[in-house]
Amino acid sequence: MRYLPNGIWMQKADSYTIREIGVPSVVLMEHAAQKTIEVMERENIDFSDILIVCGSGNNGGDGFAIARLLQEKGVRVTVFFAGKESSMSEECRLQAQIVRNLGIPIVTVMPEKEYTVLVDALFGVGLNREITGAYCDVIEKMNRLKGRKIAVDIPSGIHSGNGQVMGIAFRADLTVTFQFEKLGMVLFPGKEYTGKTAVVDIGIHSSVFSETQEVAYTLERADLSRMLPKRKPNTHKGSYGKVLMITGSKGMAGAAYLSALAAYTCGAGLVQIYTDETNRAILQQLLPEAIISCYMEYEEDGLKDALEWADVVCIGCGLGKSRTAEMLLMNTLKYVSVPCVIDADGLNLLACHKEMLRVVDTPVILTPHMKEMSGLLGCSIPEITEERFQKLQEFTSQYPVICVLKDARTVVAERTNPFFVNTAGNQAMAKAGSGDVLAGVITGLLAGKTPPYRSAVLGVYLHACGGDNAKEQLGSYSVLARDLITGIGQCMKEAEEEQE
């Protein structure tokens, strides 16, 4: 697990390190400059001729310190000071004066010549306003110049909390970021401006993050073996849960199949698919391990019997939006007494009946993509993209659910836990059926008695890692949803081996 702080929390950690631990700010700045140069050396950067663009804040101070340390190595350096002398932070002023004393050239007009390296130390993580005027012109010129482009801590113009471009942003080939990746650097479009990321330890303490739920986090492969529940030798299929999949309207057997197979792959002991009668024959052939129960129209007694049998319920994959589907959803929410995952068409139907979420007396996990979330919130997709954390916080405060907002960077939100932001996965997963697989993965983990929030987080990460495995085998174009399930199985096997 690693933290993904925004600029506000990064500044709090910085302040804690300086005031409580006693590490002077200028020492942290020296560490930052030294580590940046070490990364540049590892990356075989051509040091023939370097331009460093510095602002007035501590990010600019880092840039001045980098210039000094590079000159000590015999590198030819020019500093372009794009900030305001009157606005310089104390540390930036100190570093700039040292640079002047050493005779390193400081210019206040962007040079016209080309450089082998351009270092962006204009704005840091504290930027919270749109870039306009002269600063906009500076970044535009920086982007036009040739040579390798290096960002110090975060590309100037990228919001550290939501990844949005603040009018204009520096396009880096490499970003050397201090202590932690910033949240805005892993979200899109910020990720596209960051280039390759190198996280370096400069001595900032993270203890303030453990005392709050406001700092997001992500997982790494090493976390899988720790989070995956162990299977005991003296068990049977009932030990790993009975799953009810209310999935698949007429002609949508594939959604039912993929979600059920994913639940089995993630450890469920027994899966019953409750589906339209027309899907019976094909599902019996595709997945003989499953129990197939069918309806031709809504039957309350049949639904209630299935719900009473189940330890976990998943509803919505390929369910359709017919009157029968609506009745299935509404009465599932009315009668369910075990953890329930709602996906796809279930979410579209739920958008008209959100009040039912207030009375469900059992854990509920919603897995909307951006369009489905738009329907649940009653706002546009661009609004969600720009304010996803605020929107999710408001939604989960209003309704007692766990929300898995699916996107290139999927976010898991629950009101008593910090945001989880998934940084695994890839573009090969943008295929029909991928969401059905995720719903099944989360459901399978729930069946094995993994707690709901943990099931959502682990399920999202497993799904993404399975996608990475599939892409490694098949490339970006040819991965199908069923290949994700194969990849997930490989991930779980590797995690289980690490547990032994």
Could you go through the side-chain contact (heavy atoms from CB on, under 4.5 Å) check for Lys196 and Thr175 one step at a time?
CA-CA 6 Å; Lys196 183 177 181 180; Thr175 298; over 6 Å; no
What side-chain donor-acceptor pairs closer than 3.5 Å can you find for residues 3-12, not counting sequence neighbours?
residue: Asn6; atom: OD1; partner: Ile8; partner atom: N; Å: 3.2
residue: Asn6; atom: OD1; partner: Trp9; partner atom: N; Å: 2.9
residue: Trp9; atom: NE1; partner: Glu214; partner atom: OE1; Å: 3.3

Under a plain distance cut-off of 3.5 Å, with no hydrogens placed, do [Y] and [X] share a side-chain donor-acceptor pair?
X      : Y      : value
Thr416 : Glu414 : yes
Ser249 : Asp276 : no
Gln427 : Ser476 : yes
Asn162 : Glu387 : no

>> With a 6.0 Å cut-off (strictly less than), is the heavy-atom count around CG of Leu357, excluding the residue itself, greater than 12?
In response: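 More than 12 within 6.0 Å, yes.
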Considering only NZ, NE, NH1 and NH2 on the basic side and carboxylate oxygens on the acidic side, decide whether [X] and [Y] come within less than 4.0 Å.
X      : Y      : answer
Arg226 : Asp223 : yes
Asp311 : Lys449 : no
Lys406 : Asp343 : yes
Glu497 : Lys493 : yes
Lys431 : Asp483 : no

All side chain to side chain donor-acceptor pair (under 3.5 Å) counterparts of Glu140, not counting sequence neighbours
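Testing Glu140 for side chain to side chain donor-acceptor pair (under 3.5 Å), a comparison that skips the adjacent residues, returns none.
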Pairs under 3.5 angstrom only: tabulate donor-acceptor contacts from the side chains of residues 312-333 to other protein residues two or more places apart or in another chain.
residue: Ser322; atom: OG; partner: Thr324; partner atom: N; Å: 3.4
residue: Ser322; atom: OG; partner: Ala325; partner atom: N; Å: 3.1
residue: Arg323; atom: NH1; partner: Glu326; partner atom: OE1; Å: 3.0
residue: Glu326; atom: OE2; partner: His353; partner atom: NE2; Å: 2.7
residue: Asn331; atom: ND2; partner: Tyr298; partner atom: OH; Å: 3.2
residue: Asn331; atom: ND2; partner: Met327; partner atom: O; Å: 3.0
residue: Thr332; atom: OG1; partner: Leu328; partner atom: O; Å: 2.6

Report yes if some heavy atom in the side chain of [X] is under 4.5 Å from a heavy atom in the side chain of [Y]; otherwise report no.
X      : Y      : result
Phe178 : Val152 : yes
Arg280 : Ser293 : no
Ile150 : Asp173 : no

Inset, instruction - For residues 370-418, pull every pair meeting ring pair (Phe, Tyr, Trp, His ring centres under 6.0 Å), keeping only residues two or more places apart or in separate chains. - result: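 Checked against ring pair (Phe, Tyr, Trp, His ring centres under 6.0 Å) - neighbours excluded - the pairs reaching residues 370-418 are Phe389-Phe419, Phe395-Tyr399.
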Does anything in residues 216-248 form a ring pair (Phe, Tyr, Trp, His ring centres under 6.0 Å)? List the pairs, not counting sequence neighbours.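 Counting only pairs at least two positions apart or across chains, the ring pair (Phe, Tyr, Trp, His ring centres under 6.0 Å) contacts touching residues 216-248 are Tyr217-Phe420.
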- Phe180 ring center within less than 6.0 Å of Phe209 ring center: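 So the answer is yes for these two rings.
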Show me the donor-acceptor pairs, under 3.5 Å and distance only, between side chains in residues 467-475 and residues at least two apart or in other chains.
residue: Asp468; atom: OD1; partner: Gly425; partner atom: N; Å: 3.4
residue: Asp468; atom: OD1; partner: Asn426; partner atom: ND2; Å: 2.8
residue: Asp468; atom: OD2; partner: Gly425; partner atom: N; Å: 3.1
residue: Asn469; atom: OD1; partner: Arg221; partner atom: NH2; Å: 3.0
residue: Asn469; atom: ND2; partner: Gly487; partner atom: O; Å: 3.3

